[in-house]
Amino acid sequence: MYRSNTCGELRISDAGRKVTLAGWVQKVRKLGGMTFIDLRDRYGITQLVTEQAVEVGREWVIQVVGEVVERQAKNAKMPTGDIEVKIDTVTVLNKAQTPPFTIEEVSDGGEDIRAKYRYLDLRRAPLQRALALRHRLAQEIRTYLDGQGFMEIETPYLIKSTPEGARDFVVPSRMNPGEFYALPQSPQTFKQLLMVAGYDRYFQIVRCFRDEDLRADRQPEFTQIDCEMSFVEQEDVLNTFEGMMRSMFKNALGVDIPNPLPRMSWYDAMDNYGSDKPDVRFGMKIHEITDLVQGCGFSVFDSSAYIGAIAVEGCAEYTRKQIDELTEWVKRPQVGAKGLIYIKVAADGSIKSSVDKFYTPEQLKAVAERVEAKAGDLVLVLCGAKRKTQTQLGVLRIEMGGRLGLRDPKVFAPLWIVDFPLLEWDDETQRFYAMHHPFTAPKPEHEKWFYSDKKEDLERVCANAYDFVLNGTELGGGSIRIHNADMQSRMFEVLGISKEDAEYKFGFIINAFKFGAPPHGGLAFGFDRVCALFGGQETIRDYIAFPKNNQGRDVMIDSPSKIDQEQMDELFLQSTVKE
RNA sequence: GGUGCGGUAGUUCAGUUUGGUUAGAAUGCCGGCCUGUCACGCCGGAGGUCGAGGGUUCGAGCCCCUUCCGCACCGCCA
């Protein structure tokens, strides 16, 4: 027996017991004739004490036999702080090199070095808590969905490359020279085929792959909670999965979220928040003021299709320098605004703006009222094309919300965004793209427009599509699907995918729909993001045991890496990379 | 593909504006002292291709060019 107890469980009530502990040496404190050792495992830290000479170093793996005793000097900061183990014998199970950074709550190491020694970083309590939360949430999901009659069914990882969407990771086939598998961006088509097969409640916690550039919240391989149901309408899907989120919040965090969850149409989200994933922890809504300020001789406004504003609480005292800094901020390419107009509503109610010579105080006051600015608030105005300007105001709103401390990670404001447009026109390629994905069905009442050839008609088609949004992050989304072969063919036609191409890429699913496909719909959550947000973080890396860096590299195992010429030959691959 | 910030002891950073003696601090590491520490304390010590390559200069961590790497963001991510 290596241990009788873990390093986190002994208490004053255990005093007098003979115990055996095993773990890693966190810290050694020598005080002349006596030595204190902090022994750590994933359950906690227990202090060891001895008057013998012991030779141990940081991160050595040791086993000690000793007696639990009450401490003379207690430490209220740690759960085991009332006791210590008086060492009888120490056995060194394994020595360790001195780690390149400290294995503590807050490490002295930077991200780079910690990534290279990920297995050491994972010893730290914050990372262990993160992975424990992930585990807890996965358990909650399985318990809830199992209780609702869902079956977890695995789908293949070696599948077929598809045209729409993200870039695929591909895998060469040795047995089929010159041909490739693709790794799934999501099990979308398979889960729909499972619906055709009659497995009417499916879910899977499944790895997905997308070969796109990375971010703090984007990894090339990531995990989805993938779900699909048959014989359901949008209402059924939303109820089922807000129930799942509710039990996750309740059982993992002890947080109650509203029942039912708020819902907002995509159009309202864009108009009021300038984003399809609004952070509704705070107000500061966007208001259109075009009708109030146009036609007064200010050419910048007069030549704009849309003029909108937000009221930033308590910022009327911003200095010229602060306003200039904000102006530069919105003019950065990442935001892309041409300039920034401000209206200060002073504490005494008087108004001062950067456009005073074009507007009367009454006109500016009307603007302040429209945007719900109170005395002491700062009104920020942007103008230009409608959706673009709303998006810029949305970005500015998030920035100001952050600066004012209105984005508390311990506050949770989930909601559904519904009624998405089905299609999105792209000027560059002069074609429609599926806003969600090409298997999303138009709303039944919009089908007449879906079969029209007019661009304006197609643009107003809405879908029974929905996103689950939390604190400004899209955590999941889904839709009611097309289950009719003709409608699916029509979708490919609208998207400019030829009959031949559709047949080659998606023939299997169009064909399946001819054999009695039930009405169905579902959704998928980004599990890594769910974990990060539940943990109050913005980066998902801490919630993945072995993540990749910005360049998609695993710096610990140093992958990707070159392969032998022999392997290349076997796979019929030729390198075009110049050495 | 683009923008910004960064790369200097094992680690985290200062030093770069204005080129000039032997490149500093903290922490970690090693040695000594210390019987109630828990960020232990005190004394001493070792430890540097200043990311790489090239250039300017009497002289480069610092200036110029090229390049590699990390982080954040934009594009991209149906």
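Naming: A, B, ... by sequence-line order, numbering from 1 per chain. In this text the structure is predicted, and so the values were computed from the model without any measurement.
Within 4.0 Å (heavy atoms only), A/Gln219 reaches no atom of the nucleic acid at all. Contact annotation for A/Arg332: no contact, since no heavy-atom pair falls under 4.0 Å across all strands. Within the nucleic acid shown, A/Arg167 has no heavy atom closer than 4.0 Å to any nucleic acid atom. Across all strands, A/Ala73 comes closer than 4.0 Å to base atoms (heavy-atom distances).
Residues satisfying the side chain to side chain donor-acceptor pair (under 3.5 Å) test with A/Lys74, not counting sequence neighbours, are A/Glu70.
Remark: the A/Arg210 side chain and the B/C77 base include no donor-acceptor N/O pair separated by less than 3.5 Å. Residue A/Arg215 places a side-chain atom within donor-acceptor reach of the base of B/G75, judged by atom type and a 3.5 Å distance cut-off alone.
A sub-4.0 Å separation between OP1 or OP2 of B/U37 and a side-chain N or O of A/Lys74 is absent.
Listed in residue order, the members of residues 538-552 of chain A having a heavy atom less than 4.0 Å from RNA chain B are A/Arg541, A/Asn549, A/Asn550, A/Gln551. Contacts between residues 458-489 of chain A and RNA chain B, defined by a heavy-atom separation under 4.0 Å, are absent.
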Could you run down the sub-3.5 Å N/O contacts of the protein with nucleotides 10-14 of chain B?
from	atom 1	to	atom 2	distance (Å)
B/U11	O4'	A/Pro100	O	3.2
B/U11	O2'	A/Asp108	O	2.8
B/U12	OP1	A/Gly110	N	3.0
B/U12	O4'	A/Asp108	O	3.2

Might you list the N or O atoms of the protein lying below 3.5 Å from N or O atoms in nucleotides 40-44 of chain B, with each pair's distance?
from	atom 1	to	atom 2	distance (Å)
B/C40	OP1	A/Lys27	NZ	2.9
B/C40	N4	A/Lys30	O	2.5

Extract from the structure each pairing of a protein N or O with an N or O of nucleotides 2-4 of chain B at less than 3.5 Å, listing the distance.
from	atom 1	to	atom 2	distance (Å)
B/U3	O2	A/Gln334	NE2	3.3

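Nucleotide B/C5 is matched to B/G70 when pairs are restricted to Watson-Crick or G-U wobble geometry with both distances under 3.5 angstrom. With both pairing distances under 3.5 Å, B/G20 is matched to B/C58 as a Watson-Crick or G-U wobble pair. Across all strands shown, nothing is found opposite B/C77 as a Watson-Crick or G-U wobble partner with both distances under 3.5 Å.
Side-chain polar atoms of A/Tyr202 and A/Asp226 form a donor-acceptor pair below 3.5 angstrom. A/Arg123 and A/Gln26 are not linked by any side-chain donor-acceptor pair at a separation below 3.5 angstrom, with hydrogens and angles left out of the test.
The side chain of A/Glu51 has B/U35 as its nearest neighbour among B/U35, B/C73, B/G36. The nucleotide whose nearest atom lies closest to any side-chain atom of A/Asp213 is, among B/G75, B/C38, B/G36, B/G75.
Note: CE (A/Met435) to P (B/C77) measures 13 Å, nearest angstrom. One interatomic measurement links the two molecules: CG of A/Leu48 to C1' of B/G36, which rounds to 15 Å at whole-angstrom precision. Distance A/Phe209 CZ to B/C77 C1': 16 Å, rounded to the nearest Å.
Contact of the A/Cys208 side chain with the A/Pro187 side chain is registered, since non-hydrogen atoms from C-beta on lie closer than 4.5 Å.
Comparing A/Thr98 and A/Val49 against RNA chain B, the residue whose closest nucleotide sits nearer the 5' end is A/Thr98.
Judged by the 6.0 Å and 45° rule, A/Arg397 forms a cation-pi pair with A/Phe282.
The distance from the CD1 atom of A/Ile286 to the CG atom of A/Leu393 is 5.0 Å, given to the nearest 0.5 Å.
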